[in-house]
Amino acid sequence: AVSMGVLVNDDDVTFRMNLVTMSDEPDYAAKTMIDYSAGEISTEEAAELVRFLAENLNCGDLQIYPGISYRHCLVLRHAQTGTALTPPHDITGKPVEGHLPSGRYGERLLALMERSCALLRDHPVNLARRARGLNPANSCWLVVSRRCAAEKLCTSLVRPSTTRLT
């Protein structure tokens with residue numbers, strides 16, 4: 001978050017938010033994780049989708065910020081850690097049921113992910129990607145949460161890394 005120019009307070013929690021490709025079942029929990037990076041979506045396409053999500057999902061204590069390719073940032077202001085999250089690359093090709101957010105903020109974050117799926121389904125960027133035979137970025141998926149008192153932790157949320165974030 002800090003590396004993106006996002007002001008983060010010591011009592012904020014940041015989440016890495018991936019744009020992913022999921023199967024088309026109507027029930028979110030019944031979907032399968034198809035692609036954890038939406039086909040390595042371009043930063044330009046992703047920025048348009050993330051700005052659209054931010055316009056529709058941001059509220060007082062929750063803000064979404066565009067990052068690089070499929071990796072973005074969600075900030076919960078004045079929050080606490082304690083949300084259990086599963087990295088989407090761990091469940092590629094598998095049903096998401098049993099891997100949805102749980103614990104502190106689990107229901108709220110799941111509702112946000114479900115809403116993102118509805119918003120992104122027919123977005124022009126995804127319609128164009130499908131027409132080109134590419135995976136659509138048809139949902140966001142929250143990957144890790146961190147209290148961001150140190151710049152190193154915030155920076156690691158969206159920058160590519162060889163270190164696996166869990």
Side-chain angles (χ1 to χ4, degrees), residues 1 3-6 13-58 62-76 83-102 105-106 108-146 154-166:
S3 68
M4 298 167 53
V6 177
V13 175
T14 60
F15 295 82
R16 187 165 108 187
M17 184 186 84
N18 280 18
L19 291 178
V20 301
T21 304
M22 297 178 66
S23 61
D24 292 326
E25 288 80 7
D27 177 23
Y28 199 85
K31 293 180 182 295
T32 296
M33 181 65 63
I34 302 296
D35 183 346
Y36 70 89
S37 69
E40 295 282 336
I41 189 169
S42 74
T43 297
E44 296 76 22
E45 289 174 310
E48 185 175 338
L49 293 173
V50 172
R51 282 191 300 270
F52 179 70
L53 289 176
E55 289 169 9
N56 287 278
L57 299 174
N58 281 4
L62 184 148
Q63 287 92 41
I64 296 170
Y65 300 93
I68 300 166
S69 183
Y70 61 92
R71 298 172 303 273
H72 307 281
C73 183
L74 181 145
V75 178
L76 271 182
T83 306
L85 302 164
T86 301
H89 56 266
D90 286 356
I91 56 170
T92 300
K94 298 177 183 173
V96 300
E97 187 171 22
H99 303 285
L100 299 170
S102 62
Y105 312 116
R108 181 178 185 193
L109 297 175
L110 175 57
L112 178 134
M113 291 163 51
E114 291 171 335
R115 180 79 176 120
S116 78
C117 197
L119 288 166
L120 294 174
R121 180 180 306 120
D122 295 319
H123 189 281
V125 166
N126 281 326
L127 296 177
R129 288 181 63 78
R130 283 187 195 102
R132 294 191 323 265
L134 301 174
N135 283 341
N138 62 6
S139 184
C140 73
W141 188 271
L142 300 172
V143 182
V144 302
S145 66
R146 298 276 192 255
C154 297
T155 302
S156 70
L157 289 172
V158 293
R159 285 199 179 150
S161 171
T162 57
T163 304
R164 191 167 135 202
L165 300 172
T166 56

Task: Point-to-point distance, once rounded to the nearest 0.5 Å, from CG of Leu53 to CG of Leu19 - done: 7.0 Å

Open item on the list: Please give me the minimum heavy-atom distance between Ser69 and Thr43, naming the atom from each residue.
Closed with: N-OG1, 3.0 Å

- [ ] Considering non-hydrogen atoms only, spot the tightest contact between Thr83 and Pro101 and give its length.
- [x] CG2-CB, 4.4 Å

TODO: For Asn18, enumerate each residue passing the side chain to side chain donor-acceptor pair (under 3.5 Å) test, keeping only those at least two apart in sequence or located in another chain.
DONE: Arg16

- [ ] First locate atom CG of Leu142, then atom CG of Leu74, and finally report the distance between them rounded to the nearest 0.5 Å.
- [x] 5.5 Å

Task: Atom pair CG (Leu49) and CD1 (Ile41), whose distance is rounded to the nearest 0.5 Å - done: 5.0 Å

Open item on the list: Tell me whether Glu97 at atom CD has more than 12 heavy atoms from other residues, nucleotides or ligands lying less than 6.0 Å away.
Closed with: no

TODO: Locate the shortest heavy-atom distance separating Cys140 from Met113; write the atom from each residue and the value.
DONE: O-CG, 3.6 Å

Task: Test log, rule side chain to side chain contact (heavy atoms under 4.5 Å, CB included), inputs Asp35 and Val20 - done: CA-CA 6 Å; Asp35 183 346; Val20 301; over 6 Å; no

Open item on the list: Contact between Ile64 and Leu57 at the side-chain level, heavy atoms closer than 4.5 Å - yes or no?
Closed with: yes

- [ ] Identify the heavy atoms of Gly93 and Thr32 that sit nearest to each other, and give their distance.
- [x] C-CG2, 3.6 Å

Open item on the list: When you measure from the side chain of Asn138 to the backbone of Cys117, do you find a donor-acceptor pair of N or O atoms at a distance under 3.5 Å?
Closed with: no

Open item on the list: Using only atom types and a distance under 3.5 Å, with no angle test, would you say the side chain of Lys31 pairs donor to acceptor with the backbone of Met22?
Closed with: no

TODO: List the steps, then state whether side chain to side chain contact (heavy atoms under 4.5 Å, CB included) holds for Tyr28 with Leu110.
DONE: CA-CA 9 Å; Tyr28 199 85; Leu110 175 57; 3.9 Å; yes

Task: Closest non-hydrogen atom pair, Ala29 against Val96 - done: O-CG2, 3.8 Å

TODO: For the pair His72 (side chain) and Gly67 (backbone), establish whether a donor and an acceptor sit closer than 3.5 Å, ignoring hydrogens and angles.
DONE: yes

TODO: Start with the C-alpha gap between Arg132 and Glu45, add the side-chain angles, then the distance that decides, and say whether salt bridge (charged side-chain N to carboxylate O under 4.0 Å, His left out) holds.
DONE: CA-CA 13 Å; Arg132 294 191 323 265; Glu45 289 174 310; 2.9 Å; yes

Open item on the list: Looking at Arg129 and Ala38, would you say the former's side chain and the latter's main chain have a donor-acceptor pair under 3.5 Å?
Closed with: yes

- [ ] Kindly compute the distance separating OG (Ser116) from CE (Met17), expressed to the nearest 0.5 Å.
- [x] 7.5 Å

TODO: Could you check whether the rings of Tyr36 and His89 sit parallel, tilted or perpendicular, using 30° and 60° as the cut-offs?
DONE: perpendicular

Open item on the list: When you measure from the side chain of Asn135 to the backbone of Thr21, do you find a donor-acceptor pair of N or O atoms at a distance under 3.5 Å?
Closed with: no

TODO: Heavy atoms only: give me the nearest Trp141-His99 pair and the separation to one decimal.
DONE: CZ2-O, 3.4 Å

Task: Heavy-atom donor-acceptor pair, Asn56 side chain to Phe52 backbone, under 3.5 Å - done: yes

Task: Spacing of Phe15 atom CZ and Leu112 atom CG [to the nearest 0.5 Å] - done: 10.0 Å

Open item on the list: Just verifying a value: how many Å separate Ile91 CD1 and Ile34 CD1, rounded to the nearest 0.5 Å?
Closed with: 11.0 Å

